[in-house]
Number of protein chains: 2
Amino acid sequence: MGSDRAFKDAIYEQIARVGRAVDHPRRLELLDLLCQGPMTVEQLARKSAMSVSSTSQHLQHLREARLVRVEHRGTFRVYELTDEATCELFRTLRGLAQRYYAEMSAITEAFLRDREALEALDTVALQQRLTQESLTLLDVRPTEEYAVGHWPGAVSLPVEELAGRLAELPKDQTIVAYCRGPYCVLSLHAVEMLRKNGYRAIRLADGVSDWKAQGFPVVGVKGVS
Amino acid sequence: MGSDRAFKDAIYEQIARVGRAVDHPRRLELLDLLCQGPMTVEQLARKSAMSVSSTSQHLQHLREARLVRVEHRGTFRVYELTDEATCELFRTLRGLAQRYYAEMSAITEAFLRDREALEALDTVALQQRLTQESLTLLDVRPTEEYAVGHWPGAVSLPVEELAGRLAELPKDQTIVAYCRGPYCVLSLHAVEMLRKNGYRAIRLADGVSDWKAQGFPVVGVKGVS
DNA sequence: CCATTAATCAATGGATTTGTTGAATATAGT
DNA sequence: ACTATATTCAACAAATCCATTGATTAATGG
């Protein structure tokens, strides 16, 4: 019954559903956040500095495309990525942007230079330094993200609490702070504050999903309910 | 100078450039075609059944996102994918659509059932059958696509010329026809015509870029000028 | 320099998408 | 049942995107 043309139109329309879901900066930010683990609408709204209503609508857009699914829990709705492939999609798009657009590194370098924060480790460099010296690994994301998955042995210390809990950290070791990934600013602020207070500190550019994709171990607290 | 928020906005805006390039069915069709090799605007327009003007505009959209680049050759402009990663992007999106949307297989199966063409090989199955019997591999795409890259040993016989050149084909061997990929209809028509004329024929679902991605060999004619 | 061919540009109206606002819904606890 | 909280829904104006049409540019061959 369907003509060749109608068939092709239908197929490409389906593929475009994926594209349309990731054609908006805010939706990409939501995906990036959801790569850290399941979150409620309100959490996502706060972390992305969007209104709840707007967040909800974008989430429904993502849901239409099956990139995320929702679970009702009391009056909350917990959104999460459909599966690993969704996180991989985000990483693929981010990688292509890095690869193709000079603006990407220009923006990043200008921003980091202003903050004297160009220096950073990647996962491989970290792995190597860990064989040579003893480091303190600091996860500065909110605790619920730490709970979902973190570097084995990393200490959880959300950046908002950092100022009040500096005393917990050793001054004789270099502190490596990480957060959500190369474009997340939490570890930036953490390193800045640590250095101001006389600590030796450096940022890890990669986030959990990055090193997980590279095959490095991630530990999480199971059965969060 | 830039605030955290401005930085994030700028970054996600860059990533969204990729997404916006692939949010339209017609642009995905163009990418799919360009996975077969470089083509002029007029070729792309014809193969996608779009107007030249519309094709040109979509190509510029793709070019803005650096997914394709253009080379001037006389009064022609030859568009081609920027690199392998662009083809991989298309295959990723197509894969997610297959994975997430039941509509994808529903559409395909309904279409194929109508044509009694559900039966098909994939690359692995072909490889295996090649060890057991002698098959004729038929590349039914236009010759210029065959020239860019094809299965080693495949015979080029564009589907439009098939009717007039049936005599060139052996009746004692099964003929395996392939084209651009799982959603291309060329091999469908080829198999239909072959069977009507008493040949044993079957479709290969995968296309060149699919088996190339799986590590199978592809041969092409170098130095096309 | 003119004609031809290939492709882009420009302008149009129509359709889709977006952010905002405030109202509606749904669940849990009292 | 009433209240509070979390989220979605509905509606609207602003912005963006799209296909079509016809004009324009650019290169080639005479």
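Chain identifiers are assigned alphabetically (A, B, ...) following the order of the sequence lines, protein sequences preceding nucleic acid strands; residue numbering begins at 1 within each chain. In what follows, every heavy atom counts, from backbone to side chain, and hydrogens, waters and symmetry copies are set aside.
- Of the listed nucleotides (C/dA6, C/dT20, C/dT18), C/dT18 has the atom at the smallest distance from the side chain of A/H61.
- When rounded to the nearest whole Å, the span between CD of B/Q57 and P of D/dT24 equals 17 Å.
- Listed nucleotides: D/dA10, C/dT5, D/dT7. Nearest to the side chain of B/T75: C/dT5.
- With D/dG22, D/dA19, D/dT7 as the choices, the nucleotide that has an atom nearest any side-chain atom of B/H58 turns out to be D/dA19.
- Where A/R77 and A/R20 each meet DNA chain C at their nearest nucleotide, the meeting point lying more 5' is that of A/R20.
- The pair A/E29-B/R5 meets the salt-bridge criterion, since a charged nitrogen lies less than 4.0 angstrom from a carboxylate oxygen.
- Under a 4.0 Å N-O distance rule, the pair A/D32/A/R94 does not qualify as a salt bridge.
- The nucleotide whose nearest atom lies closest to any side-chain atom of B/V52 is, among C/dT8, C/dA6, D/dT8, C/dT8.
- Summarising the geometry, the separation between CG on B/L62 and P on D/dC18 is reported as 11 Å, rounded to the nearest angstrom.
- Here the P atom of nucleotide D/dT5 and the CZ atom of A/R46 are 16 Å apart, to the nearest Å.
- Taking atom CG on A/L44 and atom C1' on D/dA6, their separation rounds to 13 Å, with Å as the unit.
- End-to-end axis angle for the helix from C/dC1-D/dG30 to C/dT30-D/dA1, using five pairs per end and rounding to 10°, comes out at 20°.
- A/R20 has a carboxylate O that lies under 4.0 Å from a charged side-chain N of A/E13, or vice versa, which qualifies the two as a salt bridge.
- Taking a cutoff of 4.0 Å between a charged side-chain nitrogen and a carboxylate oxygen, A/K8 and A/D4 do not qualify as a salt bridge.
- A salt bridge is defined here as a Lys NZ or Arg NE, NH1 or NH2 lying under 4.0 Å from an Asp or Glu carboxylate O, and A/E145 with A/R180 meets this definition.
- Projected onto DNA chain C by closest heavy-atom contact, A/G74 and B/S56 fall at different nucleotides, the more 5' of which corresponds to B/S56.
- The B/S53 side chain lies nearest to D/dT20 when the options are D/dA10, D/dT20, D/dT7.
- Counting any heavy atom pair closer than 4.0 Å across all strands shown, B/H24 reaches sugar-phosphate atoms only and no base atom.
- Comment: A/E144 engages A/K47 in a salt bridge, judged by a side-chain N to carboxylate O separation of less than 4.0 angstrom.
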